[in-house]
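The first residue of the sequence shown is numbered 1, and numbering continues consecutively from there. What you see is a predicted model, and the numbers here were worked out from it, not measured in a lab.
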Amino acid sequence: MNVFALLGARTLNVFRSWGHAAFFVLDLLRAAPASLRRFDLVVTQIHAIGNRSLVIILASGLAVGFVLALQMYYALAAYGAAESLGLIVNLALVRELGPVVTALLFAGRAGTSLTAEIGLMKAGEQLAAMELMAIDPKVRVLAPRFLAGIVSMPILAVLFSAVGILGAYVVAVLLIGVDAGNFWSIMQSKVDIWRDVGNGIVKSVVFGFAATCVALYQGFETEATPEGVAYATTHTVVIASLWVLGMDFILTALMFSAP
């Protein structure tokens with residue numbers, strides 16, 4: 001009986017935390033329009049979240065493009081389909097690798113930064129001081145970061161995919177010797193701007209929404225201690241990454257299952 005009572009208590013705590021997080025996200029959505037009146041705050045956070053993540057995103061995209069071109073060329077050449085290299089690389093990047101890898105890097109770099117920043121503001125009682133001055137911290141602090149994360153993610157994902165395609169071009173055309181015209185022409189003829197590129201951008205927007213919400217929630221609800229902030233920071237990476245991977249499967253099934 002004690003085992004069942006413990007299991008029931010744990011289950012109730014999980015559902016209670018999910019409900020609390022859902023109400024937190026609703027509060028962010030309600031606070032977002034008010035924060036748009038101070039759009040300079042959103043722009044500042046776009047710079048802090050997006051621009052400062054640019055180096056790791058571009059470097060990772062270039063490396064992924066290099067490796068993807070090498071792996072795909074040798075696999076396709078074995079079946080006499082090396083002319084499809086440009087198409088395979090493009091679809092892999094814009095559909096999957098661009099949004100997913102960008103979201104994982106975003107959670108590791110920008111997400112942890114957001115969690116630590118909000119957690120330290122809570123530990124320093126800055127959020128409590130705002131409430132005493134009748135300033136809603138969700139409008140003044142959280143909502144601009146929430147909007148900045150949603151805006152930054154698709155831009156970073158597009159740049160990741162673009163740099164990855166250029167990296168694949170360098171390896172395939174300049175190093176291996178694939179025909180440059182064939183590399184680009186099959187890509188232009190077979191990649192659909194709405195079905196492939198558009199759905200990849202939709203994915204990145206959803207991932208940005210999820211990763212930013214997780215980071216802000218962990219920072220806002222953390223214990224106001226150094227240990228609590230450290231735990232929330234590591235928790236952000238784990239939870240955001242799991243959300244991204246889980247939603248990627250669902251979105252891929254919905255977007256690309258039909259012919």
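Not a single side-chain hydrogen bond (donor to acceptor under 3.5 Å, both in side chains) links Arg10 to another residue, sequence neighbours left out. For the side chain to side chain contact (heavy atoms under 4.5 Å, CB included) test, residues two or more places apart in sequence or in another chain that qualify with Leu58 are Leu54, Leu159, Val163. Residues passing the side chain to side chain contact (heavy atoms under 4.5 Å, CB included) test with Tyr79: none are found, sequence neighbours excluded. Applying the ring pair (Phe, Tyr, Trp, His ring centres under 6.0 Å) test to Trp194 and every residue at least two apart in sequence or in another chain returns nothing. For Phe220, the ring pair (Phe, Tyr, Trp, His ring centres under 6.0 Å) partners are Phe24, not counting sequence neighbours. When the side chain to side chain contact (heavy atoms under 4.5 Å, CB included) test is applied to Ile56, the partners found at least two apart in sequence or on another chain are Ser60, Leu105. Residues that satisfy the side chain to side chain contact (heavy atoms under 4.5 Å, CB included) test with Ser17, not counting sequence neighbours, are absent from this structure.
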Under 3.5 Å, sequence neighbours excluded: what are the donor-acceptor pairs made by side chains of residues 201-210?
unit_1: Lys203; atom_1: NZ; unit_2: Arg95; atom_2: O; d: 3.2
unit_1: Lys203; atom_1: NZ; unit_2: Glu96; atom_2: OE2; d: 2.5
unit_1: Lys203; atom_1: NZ; unit_2: Asp248; atom_2: OD1; d: 2.9
unit_1: Lys203; atom_1: NZ; unit_2: Thr252; atom_2: OG1; d: 2.6
unit_1: Ser204; atom_1: OG; unit_2: Ile201; atom_2: O; d: 2.6

Exercise answer: donor-acceptor pairs, residues 175-184 side-chain atoms, under 3.5 Å, sequence neighbours excluded:
unit_1: Asp179; atom_1: OD2; unit_2: Gly181; atom_2: N; d: 3.3
unit_1: Asp179; atom_1: OD2; unit_2: Asn182; atom_2: N; d: 2.8
unit_1: Asn182; atom_1: ND2; unit_2: Glu83; atom_2: O; d: 3.0

Kindly list each side-chain donor-acceptor pair under 3.5 angstrom involving residues 30-46, sequence neighbours excluded, with atom names and distances?
unit_1: Arg30; atom_1: NH2; unit_2: Asp27; atom_2: OD1; d: 2.4
unit_1: Ser35; atom_1: OG; unit_2: Ala32; atom_2: O; d: 2.7
unit_1: Thr44; atom_1: OG1; unit_2: Asp40; atom_2: O; d: 2.9

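Shown are Val244, Leu156, Val101; of these, the side-chain contact (heavy atoms from CB on, under 4.5 Å) with Phe106 is made only by Leu156.
The side-chain hydrogen bond (donor to acceptor under 3.5 Å, both in side chains) analysis of residues 108-137, with sequence neighbours excluded, yields the pairs Thr115-Thr236, Glu117-Arg145.
Cluster note: Val238 groups with Leu242 through ILVMFWY side-chain heavy atoms spaced under 4.5 Å, whether in direct contact or through intervening members.
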### Message
Before you tell me yes or no, could you show the steps for Glu223 and Tyr231 under side-chain contact (heavy atoms from CB on, under 4.5 Å), namely the whole-Å CA-CA distance, both residues' side-chain angles and the distance that decides it to 0.1 Å?
### Response
CA-CA 9 Å; Glu223 296 182 7; Tyr231 176 79; over 6 Å; no

### Query
When you look at Leu62 and Leu166, which way does the side-chain contact (heavy atoms from CB on, under 4.5 Å) test go after all the steps?
CA-CA 7 Å; Leu62 192 64; Leu166 290 177; 5.6 Å; no

#### Entry: Worked check of side-chain contact (heavy atoms from CB on, under 4.5 Å) between Phe66 and Val170
CA-CA 8 Å; Phe66 287 162; Val170 170; 4.3 Å; yes

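Taking all atoms of both residues into account, the shortest heavy-atom contact from Gly149 to Ile49 is N-CD1, 4.1 Å. The shortest non-hydrogen separation linking Gly219 to Thr222 is O-CG2, 3.0 Å.
With contacts defined as side-chain heavy-atom distances shorter than 4.5 Å, the pair Lys138/Phe146 does not qualify.
By the rule that hydrophobic residues join a cluster once side-chain heavy atoms approach within less than 4.5 Å of another member, Val67 and Leu97 end up as members of separate clusters.
Distance check: Asn199 CG to Ile193 CD1 gives 11.0 Å after rounding to the nearest 0.5 Å.
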